[in-house]
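Structure, as structure tokens:
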Amino acid sequence: MILIYADNINGTIKKSSLEVITYGVAIGKQLGTEAQAIVVGAVNSDLSELGKYGVSTVHQLTGPDTFDAQAFSKLIADKATELDASVVVFSHSLMGKALAARVSVRLKAGLVTGAVALPDTTSGFVVKKSVFSGKAFANIRIQTPVKVISLNPNAYTVAVGEGEANVMATPVSIQPAVKVISNSKSSGDRTLTESEIVVSAGRGMKGPENWGMIEELADVLQAGLACSRPVADAHWRPHHEHVGQTGVAIAPNLYIAIGISGAIQHLAGVNRSKVIVVINKDPEAPFFKAADYGIVGDAFEVVPKLTAALKAGA
Amino acid sequence: MKILVCISKTPDTTAKIAFTDNNTKYDANGVQWIINPYDEWYALVRAIELKEADASHAIHLISVGNADAEPILRKALALGGDEAIRVNIDSDDAYVIATQIATVVKDGGYDLILTGKETIDHNGSSLGGMVAEMLDLPYISLATKLEMDGSVAKATREIDGGQELDEVATPVVISAQKGMAEARIPNMRGIMAARTKPLKVVEPAACEALTATVSFEMPPAKAGVKLVAPDQVEELVRLLREEAKIV
């Protein structure tokens, strides 16, 4: 069977979790076996609804109210062993990254992180993943009987149908070694890597005081906000918004780059975006070569017009 | 405190990505090797800063790889590491690499194990978690800040939509990302001193690879940019709605 770990944030099942459930269910169909989900902690929705995405059973381990990778990994690995899972699937999210590595060691299972497609099971079990910061893909064979995969956010489309999952709740308790002292939210519950649309701006904006129009465009598109490395290095924007080879690598459906020239290191982090729009006043900006749509023009004029046009047509 | 910084060798960030042997091997011909930026700029520099504040810390470096890794270990020593260890095995399987590092950590009695959040070539983000699990240690991933208070690590890590401050007693594994420190350039004194700092080569612990790279492929090429005039933004919106169908 396939065991799928569904992340939740403060009780809300994430979209990336629905992607990973859809993905795990598809692997199950491919291998002729059923898929079940595991959730740790309390959630504020009816877990039987995850049946709509194809899982027959949801194992809910209730009790833990904060995430702890070390403790959660034990719980997930034990469940995988108990259920004799052949594939354990995670989202390649902030939490999933930490869990997948630990669970793979506990199960002595080969691990592929950042998968972008269903495994090829025609000869063995080969998983395609993004490498070289988005500049290439590698096909990796997992050679162990049990396999662990983490799926890149936004790499697999959620499929919803009919169904109701059987929810099996079991209370558990954990003793985390890591003590959480405080936390602060800066951008809602949305992580840049999981945003479907990302609006990003660079040095062409001239200074942090000009970000208002970027934020307005992002608002109208309900998009995540990003920036180029020089902008983060100059402290115009926080570090977590820096996308590129040494920042965050993203693969949204739409990436709008404003006043970013498109250095190779920046492209590496964003070139898996499905559609790229570049707005730059320099027609020679290398980014246009990687773009689907472009406007050669002054961002200070184009961006407010674009925001207005999107609002008008909404 | 004994700090171990995990150092990976990666192609330079501007290196051309190409493959040989029927797309089964990375073409390293003419490639300039660097320290993986996350390992260098954030993990190593933060370790050096901790030592600058408290000279009693020792910074050891570890790289798992063939002799090609030695120049980058020398560079890391020039930046401020005290000793380097190279485990003499070339592998692209994270489990094999993590096993080697876990073995060294166990034998060396390290308090703080620092890694970059991922390498810019494999993009695995799995090493820190694997090492931590092999040794049953706590692991704080994606840390943007790290302070030591005696034997307690205080680290800020990225969570969905924000930041979280964690405290944990050593030994602990921490992966570093942007924000933790600023990149440095080794000075001449450091480069001279690095020449005589110990660089020990150890033979690997026995371990079977759990995965194997079958082949590489390049992403499909873009069809070419469709330009819209700056006074025709409505046309761009129409294209995004009707052609790309994304907004």
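Here is the naming used below: chain letters follow the sequence lines, and residue numbers restart at 1 for every chain.
- In terms of heavy-atom pairs under 4.5 Å with chain A, the best-connected choice from B:Thr213, B:Val228, B:Thr13 is B:Thr13.
- Contact of the B:Glu234 side chain with the A:Lys305 side chain is not registered, since no non-hydrogen atoms from C-beta on lie closer than 4.5 Å.
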Step by step, would you call B:Arg241 with A:Leu310 a side-chain contact (heavy atoms from CB on, under 4.5 Å)?
CA-CA 10 Å; B:Arg241 285 204 175 115; A:Leu310 284 162; 4.0 Å; yes
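- Residue with the most contacts toward chain A among B:Leu165, B:Thr14, B:Ile159: B:Leu165 (heavy-atom pairs, distance under 4.5 Å).
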Pair B:Lys222, A:Asp292 - check salt bridge (Lys or Arg N to Asp or Glu O under 4.0 Å), show working.
CA-CA 7 Å; B:Lys222 286 270 181 192; A:Asp292 298 278; 2.7 Å; yes
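- With respect to chain B, the highest number of heavy-atom pairs below 4.5 Å among A:Thr144, A:Val180, A:Leu99 belongs to A:Val180.
- For the pair A:Val277 and B:Leu240, the minimum side-chain heavy-atom distance is below 4.5 Å.
- Only the side chain of A:Lys129 comes within less than 4.5 Å of a heavy atom in chain B; its backbone stays farther off.
- For the atom pair CD of B:Glu164 and CZ of A:Phe67, the computed distance is 9.5 Å after rounding to the nearest 0.5 Å.
- The shortest distance between side-chain heavy atoms of A:Tyr293 and B:Leu227 does not fall below 4.5 Å.
- Ranked by heavy-atom pairs shorter than 4.5 Å toward chain B, the options A:Val131, A:Asp68, A:Asn139, A:Asn183 are led by A:Asn139.
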Report the C-alpha distance between A:Lys14 and B:Asp160 in whole Å, list the side-chain angles of each, state the deciding distance to 0.1 Å, and finish with yes or no for side-chain contact (heavy atoms from CB on, under 4.5 Å).
CA-CA 10 Å; A:Lys14 298 170 66 178; B:Asp160 284 279; 3.0 Å; yes
Review item, side-chain donor-acceptor pairs of residues 140-155 of chain B, under 3.5 Å, at least two apart:
| from | atom 1 | to | atom 2 | distance (Å) |
| --- | --- | --- | --- | --- |
| B:Thr144 | OG1 | B:Thr156 | O | 3.4 |
| B:Thr144 | OG1 | B:Gln163 | OE1 | 3.1 |
| B:Glu147 | OE1 | B:Arg46 | NH2 | 3.3 |

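- For residues 263-273 of chain A, the interface with chain B (any heavy-atom pair closer than 4.5 Å) comprises A:Ile264, A:Gln265, A:Ser273, sorted by residue number.
- Annotation: maximal heavy-atom pairing with chain B below 4.5 Å, among A:Thr113, A:Leu111, A:Ile276, A:Ile181, occurs at A:Ile181.
- Side-chain contact check for B:Pro230 versus A:Val296: every heavy-atom pair is 4.5 Å or farther apart.
- The contact between A:Ser130 and chain B is made entirely by backbone atoms, counting heavy-atom distances below 4.5 Å.
- Residue A:Ala138 touches chain B through both its backbone and its side chain, counting heavy-atom pairs closer than 4.5 Å.
- Taking B:Ile17, B:Val168, B:Val172 one by one and counting their heavy-atom pairs under 4.5 Å with chain A, the maximum is reached by B:Ile17.
- Ranked by non-hydrogen atom pairs under 4.5 Å with chain A, the options B:Leu239, B:Asp93, B:Val214 are led by B:Val214.
- Under the 4.5 Å side-chain criterion, counting only non-hydrogen atoms from C-beta, B:Leu236 is in contact with A:Ile295.
- Comparing A:Lys274, A:Arg102, A:Gln70 by how many heavy-atom pairs each has under 4.5 Å with chain B, the most go to A:Arg102.
- Chain B forms more heavy-atom pairs under 4.5 Å with one residue of A:His239, A:Lys97, A:Arg106, A:Met95 than with any other, namely A:His239.
- The most heavy-atom pairs under 4.5 Å with chain B, out of A:Ala69, A:Ala98, A:Gly247, come from A:Gly247.
- In this structure, A:Lys179 places its NZ atom where only 12 or fewer heavy-atom neighbours from other residues, nucleotides or ligands lie under 6.0 Å away.
- Annotation: maximal heavy-atom pairing with chain A below 4.5 Å, among B:Gly224, B:Gly179, B:Ala212, B:Ser175, occurs at B:Ala212.
- Contacts of A:Leu306 with chain B are made by both backbone and side-chain atoms, with heavy-atom separations under 4.5 Å.
- Annotation: maximal heavy-atom pairing with chain A below 4.5 Å, among B:Asp136, B:Thr211, B:Val237, occurs at B:Thr211.
- How far OG of A:Ser133 is from NE2 of B:His122: 11.5 Å, rounded to the nearest 0.5 Å.
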Report the C-alpha separation of B:Ile246 and A:Ile197 in whole Å, then their side-chain angles, then the decisive distance to 0.1 Å, and conclude whether the side-chain contact (heavy atoms from CB on, under 4.5 Å) test is met.
CA-CA 9 Å; B:Ile246 35 177; A:Ile197 301 179; 5.8 Å; no
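- Of all heavy-atom pairs spanning A:Gln245 and B:Tyr38, the tightest one is O-OH, 3.3 Å.
- Residues A:Ser73 and B:Glu133 meet the side-chain proximity criterion, which asks for heavy atoms closer than 4.5 Å.
- More than 12 heavy atoms of other shown residues, nucleotides or ligands fall within 6.0 angstrom of atom CD in B:Glu217.
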Start with the C-alpha gap between B:Val225 and A:Val278, add the side-chain angles, then the distance that decides, and say whether side-chain contact (heavy atoms from CB on, under 4.5 Å) holds.
CA-CA 9 Å; B:Val225 62; A:Val278 170; over 6 Å; no
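- Counting heavy atoms from C-beta outward, A:Gln143 and B:Leu210 have side chains that stay 4.5 Å or more apart.
- Heavy-atom distances place no part of A:Ala71 under 4.5 Å from chain B, backbone and side chain included.
- Across A:Ala101 and B:Ser126, no two heavy atoms sit closer than the pair CB-O, 3.4 Å.
- In this structure, the side chains of B:Lys178 and A:Asp233 come closer than 4.5 Å at one or more pairs of heavy atoms.
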